[in-house]
Amino acid sequence: MWTLAPVAFALKALSAFVQPLALPVQRPGALLLWLRAALRRAGGGGRPAAAPEGAREGPRRGEADGEPPATPTSVNYHFTRQCNYKCGFCFHTAKTSFVLPLEEAKRGLLLLKEAGMEKINFSGGEPFIHDRGEYLGKLVRFCKEELQLPSVSIVSNGSLIRERWFRNYGEYLDILAISCDSFDEQVNVLIGRGQGKKNHVENLQKLRTWCRDYRVAFKINSVINRFNVDEDMREQIRELNPVRWKVFQCLLIEGENSGEDALREAERFVISDEQFEGFLERHKDVPCLVPESNRKVMRDSYLILDEYMRFLNCRKGRKDPSKSILDVGVEEAIKFSGFDEKMFLKRGGKYVWSKADLKLDW
Ligand code: SF4
């Protein structure tokens with residue numbers, strides 16, 4: 001019995017220390033990761049051989065301009081670049097097949113939570129492609145159950161999602177956003193969203209029903225380009241009744257969908273600002289529409305993490321990576337992210353994003 005006394009004392013002391021700091025003592029998994037992360041930080045960090053080569057240095061925020069480092073309130077984690085579609089304007093292409101080991105990804109997510117993250121969005125590539133959605137499901141569950149993030153969301157093309165996934169993981173997911181650029185299947189084929197016999201639009205309706213059944217808020221993302229700019233989508237969007245319909249203007253990113261070493265040539269998809277405005281004008285009565293123009297200031301208002309957990313700086317019209325947060329920590333890496341926190345708040349980046357607060361009638 002006496003041999004246990006020092007252990008009990010140590011646990012009590014640890015508990016007294018960590019609880020006022022709101023550390024994850026109630027959740028053993030998160031506590032273990034937290035301890036591991038703290039030990040790594042104390043020992044100078046350093047990642048195993050999987051570290052990417054040549055993380056480039058971008059403009060630093062926080063040192064040159066004397067501002068404090070930004071808070072990663074809302075983060076988009078593109079954990080895979082693999083995808084089963086071939087959209088002609090894709091701006092996050094399959095340049096690598098790398099995906100972090102699950103425990104490393106969880107460690108990075110914990111670091112982000114400690115740095116102030118409230119919302120995580122998992123994206124790709126196609127996030128359901130890796131391990132048939134199990135990897136994604138485990139991260140979604142970890143973020144909601146262990147990290148207790150107010151908002152956990154996914155952006156997907158929707159083609160690989162099965163009802164079983166909703167059964168297993170739906171309760172941990174706040175928002176599912178499905179990409180849909182057209183309600184005309186021929187246009188989807190032209191864009192590159194064709195999947196043989198599968199119909200992208202029919203699949204969208206099925207996903208809408210599952211979101212209702214499993215209490216997940218449903219969102220639609222559309223990229224407006226040369227092939228859909230004249231379409232009238234009002235009726236279909238009203239029927240699907242998403243909580244948000246995010247409408248993007250087709251964007252050129254050097255090295256992704258434009259330029260010599262890019263895997264796509266999106267130039268033929270590009271539309272003018274006037275054409276984009278025309279599309280918005282036609283749909284101005286759709287209350288859930290959230291427009292996203294290509295203005296540079298808007299581009300800088302997103303925090304994007306790539307498959308190595310490096311922030312991607314889009315300020316120069318391409319994606320320049322920082323060092324990985326797993327190697328240098330969030331505060332150091334975010335200085336190179338090019339993130340404009342003021343613009344993030346100005347564009348309404350912080351909205352009601354937890355399904356508990358959305359008060360939906362599903
Ligand atoms: S579905 Fe998304 S990730 Fe896949 S090719 Fe299309 S735009 Fe790229």
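Start at 1 and go down the list; that is how both ligands and their atoms are numbered.
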Is there a salt bridge (Lys or Arg N to Asp or Glu O under 4.0 Å) between Glu104 and Arg107 once you walk through the steps?
CA-CA 5 Å; Glu104 280 292 88; Arg107 183 166 74 85; 3.1 Å; yes
Have a look around atom 6 (Fe) of ligand 1 and list protein N/O/S atoms under 2.8 Å, or say none.
Cys87 SG
Can you tell me if Asn221 and Asp181 form a side-chain donor-acceptor pair at under 3.5 Å?
no
Any donor-acceptor N or O pair under 3.5 Å, side chains Ser153, Lys119
yes
For Arg234, what residues pass the salt bridge (charged side-chain N to carboxylate O under 4.0 Å, His left out) criterion, not counting sequence neighbours?
Asp232
For Glu331, does the CD atom sit with more than 12 other heavy atoms under 6.0 Å from it, leaving out its own atoms?
no
Identify, by atom number and element, the atoms of ligand 1 in contact range of Gly125, meaning under 4.0 Å from any of its heavy atoms.
3 (S)
May I ask you to check whether Phe269 and Phe227 place their ring centres under 6.0 Å from each other?
yes
